[in-house]
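Nothing fancy with the numbering, it's 1 onward along the sequence.
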Amino acid sequence: MSIPKSSQRLSQTEIYNRLREVGTQWLKKHVLFADRQMIVVQKPPNLVCQVDGSLQTEKLAPGSYSLNPVFKDVGFHSQNHAMLIVSTRQAIYYNTSIPTTGCLVIPLNSVVAREISIQIKQKTFQKTYLALVRGGEKSFDTKSGRLQDRLLYTDGRGSVHESGTEAITDWELLSSSKKAPVSLLMFKLITGKKHQLRLHASKVLKAPILGDGVYSLSNVSQSILDVTTVPENRLFLHAHEVSLFVRASIYLGGQ
């Protein structure tokens with residue numbers, strides 16, 4: 001992805017402030033961090049991240065527009081789903097699950113993308129999630145722990161199976177409701193398998209994430225519905241924090 005030369009002279013703070021000043025209303029509301037290497041946005045539910053290089057801007061629905069003058073090749077539009085588009089085959093997104101909310105990391109060039117990919121393999125790219133799960137305090141034998149149950153995938157759907165691939169999740173019980181069997185858990189991904197948190201929550205902890213209709217087929221209990229409304233098509237899983245290292249030497253222009 002190319003960035004206009006004028007933006008290369010801006011500091012991280014100046015780039016962030018410029019996005020906040022001249023970006024679209026959507027970006028002003030959702031940007032968390034921006035510099036010459038990456039953008040981090042607060043991803044709303046049902047944001048579809050498209051990385052298919054065959055999808056060109058002219059194919060977007062009417063109403064598409066550029067996010068801002070600094071990152072000209074990032075587009076956004078809203079129809080049934082929101083969509084964030086970057087016109088490069090080398091862009092990689094982190095936290096792309098459609099229903100998941102929270103931190104979405106968008107590297108702005110292939111060098112940074114490759115650096116992050118290496119960190120993911122080395123397990124130094126850290127992601128922490130918050131999840132509302134079905135189950136009160138008595139549903140948990142302990143307050144925290146490490147889940148290492150292996151995951152097996154068939155036709156894109158996962159299951160817990162000893163012959164599957166390694167999947168490691170650290171978890172902690174933060175709070176439980178006194179009015180309904182619902183708890184707030186913090187998950188830290190050590191590995192990043194497809195639907196790992198949803199599978200570990202539902203099949204290992206026996207506490208499905210609220211709104212997960214894939215790995216929990218049972219209806220939400222009436223005791224929960226008596227005290228709150230659970231929106232349809234909403235998974236209560238939020239990428240709360242990301243932590244990574246990006247070497248200064250890989251800034252654009254080597255600065």
To check you understand the geometry: which heavy-atom pair defines the closest contact between [X] and [Y], and what is its length?
X	Y	result
V133	A207	CB-O, 3.5 Å
R134	S218	NH2-OG, 2.9 Å
T101	P44	CG2-C, 4.0 Å

> Looking at CG of L244 and CD of E115, how far apart are the two atoms once the value is rounded to the nearest 0.5 Å?
Replying inline: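 Rounded to the nearest 0.5 Å, the CG-CD separation comes out at 9.0 Å.
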>> Nearest 0.5 Å, please: how far is CE in M38 from CG in L104?
In response: 12.0 Å
>> What verdict does the salt bridge (charged side-chain N to carboxylate O under 4.0 Å, His left out) test give for K188 and E241, after you've listed the backbone C-alpha separation in whole Å, the side-chain angles of each residue and the deciding distance to 0.1 Å?
In response: CA-CA 9 Å; K188 183 177 179 180; E241 180 181 278; over 6 Å; no
>> Using 30° and 60° as the class boundaries, would you call the ring planes of F140 and W171 parallel, tilted or perpendicular?
In response: tilted
>> Can you see whether F236 has R234 sitting over its ring - NZ or CZ less than 6.0 Å from the centre and within 45° of the normal?
In response: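 Pair R234/F236 counts as cation-pi.
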> Has the side chain of S117 got a donor or acceptor atom that lies under 3.5 Å from a matching backbone atom of A113?
Replying inline: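 Checked: pair present.
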> Does T100 offer a backbone N or O that forms a donor-acceptor pair with the side chain of K43 under 3.5 Å?
Replying inline: yes
> For the residue pair Y129 and H238, is the inter-centroid distance of their aromatic rings smaller than 6.0 Å?
Replying inline: no
> Can we say E172 and R146 salt-bridge, meaning some charged N sits less than 4.0 Å from an Asp/Glu carboxylate O?
Replying inline: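 No salt bridge links E172 with R146.
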> In this structure, which one of D170, T169, L130, T128 forms a side chain to side chain contact (heavy atoms under 4.5 Å, CB included) with F187?
Replying inline: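 The residue from D170, T169, L130, T128 that satisfies side chain to side chain contact (heavy atoms under 4.5 Å, CB included) with F187 turns out to be T169.
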